[in-house]
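A short worksheet on the structure shown next.
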Amino acid sequence: MLSQLRSLWLVLKHTFTPADTVQYPEQKPALFPRYRGRIVLTRDPDGQERCVACNLCAAACPVDCIALQKGEDETGRWYPEFFRINFSRCILCGLCEEACPTYAIQLTPDFEMCEYDRRNLVYEKEHLLIRGTGKYPDYNFYRIAGKSIGGKDKGEAENEGKPIDIKSLLP
Amino acid sequence: MKSMTIGTPWQIFGILVSVITVSALLIWVERRLIGIWQDRLGPNRVGPWGLFQVAADMIKIFFKEDWIPPFADKPIFLIAPAIIMMTMLLGFVIVPFAPGVGIIDFNFGLLYFLALSSLSVYSVVLAGYASHNKYALLGSLRAAAQSISYEVFMGLSAMGVVMLAGSFNLREIVEAQRDGWFFLPQFAGLLAFTVAMVAESHRGPFDLPEAEHEIIAGFHTEYSGMKFGMFFVGEYLGVTLNSALIVTLFFGGWLGPAFLPPLFWFMLKCAVFIVFFILIRSALPRPRYDQLMNFGWKRMLPLTLLNIVVTGGLGLWMGG
Amino acid sequence: MELALFYLSALIALVSTVLVLIQFNTVHALLYLIVSLLASGFIFYLLGAYFAAVLEVIIYAGAIMVLFVFVVMMLNLGQKTIAQEKSWLYPGIWRGPFLLSSLLLLELGYTIAQAASANLGQVVDAKRVGIALFGPYLLAVEAASLLLLAGLVGSYRLGRPLRDKVSP
């Protein structure tokens, strides 16, 4: 009985506690960079697409809302021919961001994505791709990875030694 | 037979309109108060402080599809929500608002209220039965068992007051409290009566018949539109009626310092108890079903019986 | 006016009682029984026995019938029982009761025809009921309370937990 009275008293005391409510449309909530909102595709510092169409994000997605097709340009660089995210399915879990080896796919602190027509929630690559680098301004996958592409041969990446000459016996 | 009517037709109409308005407004009051106690704001968009939320809800509920399930027992399904509105509105007939304000002055006013509150349970029971839905049936079974066990000590807990006042007439009970309100000598009675009131109106923490975490929405699972709205308004009418009864029986009804009119005192006390009902709902968790029955039969019933014995014994001893 | 109300409620009581007998659906029958109890409560009221009227509603219509409805709902009677009820209701089975109750009806009609005037409008308040119960009818009250006590003890005995079957 005493504990019931105590909880009544505790609840009554909250009459004088200011509300935590954020009056949303007039007053925007404070969102932090790691907030998981609308998904974007980012670019390298030199302006090229980061996505290498590895399909890891599509495989990681628990609701299968990501679809993409691999393409390859003449220099050997992989890129997505199309990249489609169905935001009416997306649960904004962020697993695609964690799966991405190139920091291409990122979640942003933006959640205002209402549409009157459900089909408008299917975002194509031109809707997803942004100009900037997102959360990782200096990262450039092809500058670090060992893969040879046009303008960069094997062993020319950052922090990478020359490839070992397997035909030679010299150390 | 002497006429028991005290109000003019206009007064009766006024009471009806104001009672329904107050109960409809309680929808907003309850949401707002619970919001405040949970550190939220509650509905505040429609009109000043969200006051027109009631109107918005009403418009919405009137225009919703009023669906009757094809598997339902149709006549019973239709009369069930009417019963609760009817019994609760009829209950206001005996409420003594102020001297000269009221509808009838009935010698067995208290018993009349008990009769109506025991009839109001049919609404819930029949709604659950007519829905032909196992969750609704579970809800109405709970309601039947709960109301039987809580009605017994509800009547008995008010008997102490009847002994002190020497009458079942609510106006005479109020007049008998001129020398001191009955909540002090009848504290155990007040306690039991309040618990029984909460249980009778099927509100939290005794909302087991509709326990939405366990059995969907209980007895009104299959109800929609205004038929659901009638259950809803009936519940708030019950809250208003129950607070009026508690005020009348234990807190001196319209009595109060003379600088304010009696009707105002009555309304003020009622408002305090309505807020108290909402506070109970927002603060206390729902007991398990067997705990509810145990509490009713093993704690509250002996308490009220003891209260009656002590009150009667003291009355005889003091009276000589 | 009061006489008209009396006959109206008496008619309602009669009709609903007949409907109780001929309903196949048990819950519908119980509802008609509730209506009949309410009507008889109203008759008590018209006769001036307010206390009896209110108690009729509280105890019979409010508590006992709720229990009946509760039990019927628990039993979950379906179409099968309705068919069974139908098969039971052939004329032969109510010939005897019909004969006996029509005799009663004749008796009632004779008494009404003989009575000089109905004693309407004599108000019986709670105090008079109490004095009557604890004065001349004290023995009956005690006997009824003994009966209820026996019922209570019996139901407690039936509802006790079976100690041998519960493993410690």
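In what follows, chains are A, B, ... by sequence order, proteins preceding strands, each numbered from 1. From a predicted model like this one, the values you see are computed outputs, not experimental measurements.
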*Please flag which part of C/I59 lies under 4.5 Å from any non-hydrogen atom of chain B: side chain, backbone, both or neither.*
neither

*Kindly compute the distance separating OH (B/Y129) from CG (C/L31), expressed to the nearest 0.5 Å.*
8.5 Å

*Can you tell if the side chain of C/V57 reaches within under 4.5 Å of the side chain of B/L114, non-hydrogen atoms only?*
no

*Region of B/A130 in contact with chain C, defined by heavy-atom distances below 4.5 Å*: neither

_Over 12 non-hydrogen atoms of neighbours within 6.0 angstrom of OH in C/Y137_ = no

*Engaged part of B/L141 at the chain C interface, taking heavy atoms whose separation is under 4.5 Å*: both

*asked:* Side chains of C/V54 and B/F168, heavy atoms from C-beta outward: is any pair under 4.5 Å?
replied: no

*Is the number of heavy atoms from other residues, nucleotides or ligands within 6.0 Å of CZ (C/F70) greater than 12?*
yes

*Please lay out, stage by stage, how B/Y122 and C/V69 fare under the test side chain to side chain contact (heavy atoms under 4.5 Å, CB included).*
CA-CA 9 Å; B/Y122 280 116; C/V69 174; 4.3 Å; yes

*Rounded to the nearest 0.5 Å, what separation is found between the CG atom of C/L55 and the CG atom of B/L111?*
6.0 Å

*Might you work through the side chain to side chain contact (heavy atoms under 4.5 Å, CB included) test for B/I76 and C/H28, ending with a clear yes or no?*
CA-CA 8 Å; B/I76 300 184; C/H28 288 192; 3.3 Å; yes

*asked:* For B/V121, which atoms come within 4.5 Å of any heavy atom of chain C: side chain, backbone, both, or neither?
replied: side chain

*asked:* Quick check on C/L139: does its CG atom have over 12 non-hydrogen neighbours (other residues, nucleotides or ligands) under 6.0 Å away?
replied: no

*Part of C/V66 within contact of chain B (heavy atom distance under 4.5 Å)*: both

*Is there a side chain to side chain contact (heavy atoms under 4.5 Å, CB included) between B/L119 and C/L38 once you walk through the steps?*
CA-CA 10 Å; B/L119 285 184; C/L38 289 180; 4.0 Å; yes

*First locate atom OG of B/S147, then atom CG of C/L67, and finally report the distance between them rounded to the nearest 0.5 Å.*
9.0 Å

_Within a 6.0 Å radius of atom OH on B/Y289, are there more than 12 heavy atoms belonging to other residues, nucleotides or ligands?_
yes

*Which portion of B/L116 sits near chain C, non-hydrogen atoms under 4.5 angstrom*: neither

*chain C heavy atoms under 4.5 Å from B/S140: which part of the residue, side chain, backbone, both or neither?*
both

